[in-house]
Amino acid sequence: MASTRVAACHVASHFLSARESLDKAISLMHQAARNSANIVVFPETYLSAFPIWSAIRPPTENHDLFHRMVQESLYADGEEVKLLQEAARETKTVISIGFSERSPASTACLYNSNLIINATGEVAVHHRKLMPTFFEKLTWSPGDGYGLRVADTPYGRVGGLICGENTNPLARYSLMAQREEIHISSWPPIWPTRVPTSASKEGEKEEQSQGSANYDNVLANRLRAAAHCFEAKCFGVMCSGFLNQEAINIIVSGSRSPGILKGVLEKSPRGVSMFLDPTGTPLPSFTVDEDTKTQKPTEFLQNEEGILYADMDLDRCIEGKQYHDVVGGYQRLDVFQVQVNRSRRDPVVFTERSDIGEE
């Protein structure tokens with residue numbers, strides 16, 4: 001197999017604007033395709049926002065933001081997805097894109113979802129995050145196992161999990177057992193877990209006793225992604241969103257503490273986008289100057305928007321299986337058994353019979 005080129009789009013969505021975010025995504029797909037990318041990856045819920053407000057604003061302040069989130073979420077079979085499918089066919093690329101999904105059964109039930117669309121325009125994987133993490137439960141409902149699938153594409157067998165799902169060993173194992181060669185982990189732009197205390201002496205002592213105001217999500221994400229690559233002997237794509245000023249302004253608008261929230265958003269560790277090889281080691285990557293088309297070696301993207309590229313020789317997924325093939329020769333199938341329910345969980349099943357009441 002020829003080398004596969006993957007493009008990780010470390011970009012901001014047009015916050016809470018599905019159509020503008022979609023137009024930007026399609027433009028980036030064409031840009032990546034012109035640079036010979038075979039697979040184009042977008043961050044967690046790129047369409048059309050990650051609800052960071054739920055981490056730092058009280059729920060009683062967030063009704064308007066939730067209302068906008070619902071309005072700017074997408075149906076999985078909606079017009080926006082059809083445009084993505086068309087763009088995949090035009091660019092002959094495989095796409096992985098996160099989106100906030102509207103349920104067809106409810107006016108406001110949402111899922112944290114991801115699509116893998118094949119180069120033919122076919123939706124190969126439609127995954128709903130199994131369990132929203134922490135404050136995400138204020139926006140999204142739990143998904144199901146239907147999307148725990150690996151897409152068989154012309155450029156390799158591609159699977160993916162959303163953010164905290166990469167902490168779930170059974171979810172990861174279910175993809176390993178489907179001969180996954182490229183694993184996509186998608187992440188938000190930041191992950192606030194604390195609002196820093198005031199700069200008083202007591203506050204300073206409290207922060208010192210608790211450690212840093214927010215845990216190092218960059219380290220946490222890389223540890224999880226690298227562990228999966230090492231265990232699965234697959235390549236890894238870490239793709240994080242980018243938090244821009246437009247998003248910060250919307251999140252703090254209407255808050256009772258705009259100054260404090262602005263500081264949290266600006267000082268929280270930014271997510272990174274990077275690539276890993278089947279040993280969990282960073283894979284050489286590069287950005288492309290669009291004017292000169294020259295490649296600039298770049299280990300990761302974090303504090304600026306851009307597209308990061310890497311070339312993957314999928315034959316490198318083989319050697320490590322000699323040491324630890326955790327779904328083959330390094331597993332005790334007589335001791336452990338994993339069962340995965342991949343049925344789609346619908347809220348109601350309607351049965352209509354024409355013979356009811358007939359004698």
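Start at 1 with the first residue, then count along the sequence. The shown structure was predicted, so the numbers you read here are calculated from the model rather than taken from an experiment.
Distance alone, capped at 3.5 Å, places no donor-acceptor pair between the E305 side chain and the V11 backbone. In this structure, the side chain of N38 engages the main chain of R5 through a donor-acceptor pair within 3.5 Å. Between the side chain of E165 and the backbone N or O of I162, at least one donor-acceptor pair lies under 3.5 Å.
Between R128 and E101 there is a salt bridge, since a side-chain N of the basic residue sits under 4.0 Å from a carboxylate O of the acidic one. For E136 and K129, the salt-bridge test passes: some basic side-chain N is under 4.0 Å from an acidic carboxylate O.
Under the 30°/60° scheme for interplanar angles, the aromatic rings of F50 and W140 are found to be tilted. Ring planes of F15 and W53: perpendicular class, angle over 60° (limits at 30 and 60°).
For the 3.5 Å distance criterion, the side chains of N112 and E44 qualify, holding a donor opposite an acceptor. With no hydrogens or angles considered, a side-chain donor-acceptor pair links T294 and T292 at under 3.5 Å. A donor and an acceptor atom, one from each side chain of D23 and H14, are nowhere located under 3.5 Å apart. Counting only N and O atoms by type, the side chains of N114 and S96 include a donor and acceptor under 3.5 Å apart. Using a 3.5 Å distance cut-off with no hydrogens or angles, the side chains of H126 and R344 do pair a donor with an acceptor. No hydrogens or angles considered: a donor-acceptor pair under 3.5 Å links the side chains of Q245 and N249. Checked by atom type, the side-chain pair N303/R270 shows no donor-acceptor distance below 3.5 Å. H228 and E231 are not linked by any side-chain donor-acceptor pair at a separation below 3.5 angstrom, with hydrogens and angles left out of the test.
Side-chain contact between H127 and Y146 is absent, with no heavy atoms from C-beta onward closer than 4.5 Å. Within the 4.5 Å cutoff, the side chain of R316 has heavy atoms near those of the D277 side chain. Within the 4.5 Å cutoff, side-chain heavy atoms of S255 are placed close to those of E61. Two residues are said to be in side-chain contact when any heavy atoms from C-beta on lie closer than 4.5 Å; L161 and L148 meet this criterion. Contact check for I248 versus E266: side-chain heavy atoms found under the 4.5 Å cut-off.
Separation of the F135 and W191 ring centroids falls under the 6.0 Å cut-off. If you look at F230 and H324, their ring centroids are closer than 6.0 Å.
Closest of all the heavy-atom pairs between H183 and C234 is CB-SG, 3.7 Å. The two atoms that bring P59 and L138 nearest to each other are CG-CD1, 4.1 Å, heavy atoms only. A pairwise comparison of heavy atoms in L28 and F42 identifies CD1-CE2, 3.9 Å as the closest pair. Shortest non-hydrogen contact noted between F99 and L115 is CE2-CG, 3.5 Å.
Grouping the Ile, Leu, Val, Met, Phe, Trp and Tyr side chains by contacts below 4.5 angstrom, directly or via other members, places I184 apart from L130.
Under the rule for a side-chain contact (heavy atoms from CB on, under 4.5 Å), the partners of E122 that lie at least two apart in sequence or sit in another chain are T120. Residues passing the side-chain contact (heavy atoms from CB on, under 4.5 Å) test with L83, sequence neighbours excluded: R19, L22, I26, E79, E86. Evaluation of the salt bridge (Lys or Arg N to Asp or Glu O under 4.0 Å) rule for K233 yields no partner, not counting sequence neighbours.
The local environment of CZ in R179 is sparse, with at most 12 non-hydrogen atoms from other residues, nucleotides or ligands closer than 6.0 Å. Around atom NZ of K137, more than 12 heavy atoms belonging to other residues, nucleotides or ligands sit under 6.0 Å away. For CG of D64, the number of neighbouring non-hydrogen atoms (other residues, nucleotides, ligands) closer than 6.0 Å is 12 at most.
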Take S48 and S17 through the side-chain contact (heavy atoms from CB on, under 4.5 Å) test and state the conclusion after the steps. CA-CA 6 Å; S48 57; S17 175; 5.8 Å; no
